Protein chains: 2
Amino acid sequence: MVAAALDLVVSEGPSALTMRRLAGQLGVTTTTIYWHVGSRDELITEVVRLQSILQATRKVTARTPRTRVMAAARHIWDAALENRAITSLAHQTGTTSILELPLEEALLRELHAAGLSPARADDALRAILATVGGFLLNALRDESSIPPEQRRPSTELPRLFDKSVQAVIDAFLSSPTRSGES
Amino acid sequence: MVAAALDLVVSEGPSALTMRRLAGQLGVTTTTIYWHVGSRDELITEVVRLQSILQATRKVTARTPRTRVMAAARHIWDAALENRAITSLAHQTGTTSILELPLEEALLRELHAAGLSPARADDALRAILATVGGFLLNALRDESSIPPEQRRPSTELPRLFDKSVQAVIDAFLSSPTRSGES
DNA sequence: ACCTGAACACCGTTCAAGT
DNA sequence: ACCTGAACACCGTTCAAGT
């Protein structure tokens, strides 16, 4: 049933996931869904959780700590862009952290492996995730709001993503201090 | 009328802005609203545009180019946090760029003043905005989804914001090249 | 244990009709 | 020019009732 809901989102978009449409797809009544799941929010949480498992199978193959951290960050970016519909759904419903949890844990492990203390790794994780999330917002917005096929920065955005995320990573990998004057 | 809509959003949250509730607030029928404005989306656009004008009166007083760029970036952050309700509304409806347009233009001017070519300033603007937006997402999510009053990072997030945004700014102020190996 | 029908309280939007 | 009443096509959710 949550698999059917996931299919609905993937094939017809996040807004297609209504109780009535899902019920129609399954050949039952809307009230039937409420017997299996408590509410629409719970349904969405389950859909997002299912997708988070499906997309967690990415391996970091880079060799240096710095490139491994960057690779883990890019996995989050790649997974989100490969599954735009569910990413948008999670984003709209505030369940992004559930969707990315496995990939976030992988990133956190790389930060620990890079020699950061737990507290500093948490800070770095938070900062990197915020930066990645910001670029994701940018990338996903440009497809939904701009109707025609003339998307200016489709080739440039990944370059800006790399440069910016790398800068944030380096800031947290190197200095334990506050950002000072130049 | 759009002023009344803005008041509604500020006092009762983004979800309170429905045609029926706004009509009730104004003492008219929902259909009356449709005479003045084409649709709910147009209404929201006007509300966001109004707020964008109200919050555009911030001056950059820092002295060096680097600190002036940072100050312009922090203005976007500050304005968003001071007007959480409309920021969330704009975010949900994909009108964030309208809301921040004046502040974005101010940031772009600082990037030009810092000596960047138009093309490089556009790249830097995009990257900085994405990073700021990511932290904003983070800050606004922690208040809506976490019900109780125990918000862990309310004092730490600004520190991470400063450090990360500064790192991105420095990356684009200094090097015109791709992000290379260390 | 699992499913249905009917209903409640909402939405955005339209259209003919009033002044 | 400006406003209303009634209606359409949707929502999420609940509750008594069926098997």
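Reckoned from all heavy atoms, side chains included, excluding hydrogens, waters and symmetry mates. Quick caveat: nothing in here was measured; it's all calculated off a predicted structure. All chains are named by letter (A, B, ...) in the order of the sequence lines, taking the proteins before the strands, and each is independently numbered beginning at 1.
- Between A:T31 and C:dC3 there is no side-chain N or O to OP1 or OP2 distance below 4.0 Å.
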| request: Go through B:L50 and B:I86 one step at a time and tell me if the side-chain contact (heavy atoms from CB on, under 4.5 Å) criterion holds. | output: CA-CA 10 Å; B:L50 174 58; B:I86 305 97; over 6 Å; no

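- A gap of 15 Å separates the C1' atoms of C:dA1 and D:dA17, to the nearest Å.
- Counted by atom type alone, A:T29 and A:T31 present zero donor-acceptor pairs between their side chains at under 3.5 Å.
- With rounding to whole Å, A:W35 atom CH2 is found 18 Å from D:dA16 atom P.
- The shortest side-chain heavy-atom distance between A:T131 and A:F161 does not fall under the 4.5 Å cut-off.
- Between C:dC3 and A:H36, a contact under 4.0 Å exists linking OP1 or OP2 to a side-chain N or O.
- Remark: D:dC2 base-pairs with C:dG18. Criterion, Watson-Crick or G-U wobble with two distances under 3.5 Å.
- Comparing C:dA7 with D:dC11, their C1' atoms are spaced 14 Å from each other, to the whole Å.
- Note that CD of B:E100 is 7.0 Å distant from CG of B:L103, once rounded to the nearest 0.5 Å.
- The side chain of B:T30 approaches C:dT13 more closely than any other nucleotide in the set D:dT13, C:dG5, C:dT13.
- Between A:T32 and C:dT4, a side-chain N or O to OP1/OP2 separation shorter than 4.0 Å is present.
- Atom CZ in B:R20 sits roughly 6 Å away from atom C1' in C:dC11 (whole-Å rounding).
- Rounded to whole Å, the distance from CZ on B:R21 to C1' on C:dC11 is 12 Å.
- Among C:dG12, D:dT4, D:dG12, the nucleotide with an atom closest to any side-chain atom of B:V28 is D:dT4.
- For the pair B:M19 CE and C:dT13 C1', the interatomic distance rounds to 8 Å; values are reported in whole Å.
- Taking atom OH on B:Y34 and atom P on C:dT14, their separation rounds to 7 Å, with Å as the unit.
- Computed from coordinates, the B:D41 CG to C:dT13 P distance equals 7 Å when rounded to whole Å.
- A salt bridge links B:R21 to B:E12: one of the charged nitrogens lies within less than 4.0 Å of a carboxylate oxygen.
- Distance noted for atom C1' between D:dA16 and C:dC2: 15 Å (whole Å).
- Rounded to whole angstrom, the span from the CD1 atom of A:I33 across to the P atom of D:dG12 amounts to 9 Å.
- As rounded to the nearest Å, D:dC3 and C:dC15 have C1' atoms that lie 14 Å from one another.
- If you check C:dC11 for Watson-Crick or wobble pairing at under 3.5 angstrom, you find it has no partner at all.
- Summarising the geometry, the separation between CD on B:E42 and C1' on C:dG12 is reported as 14 Å, rounded to the nearest angstrom.
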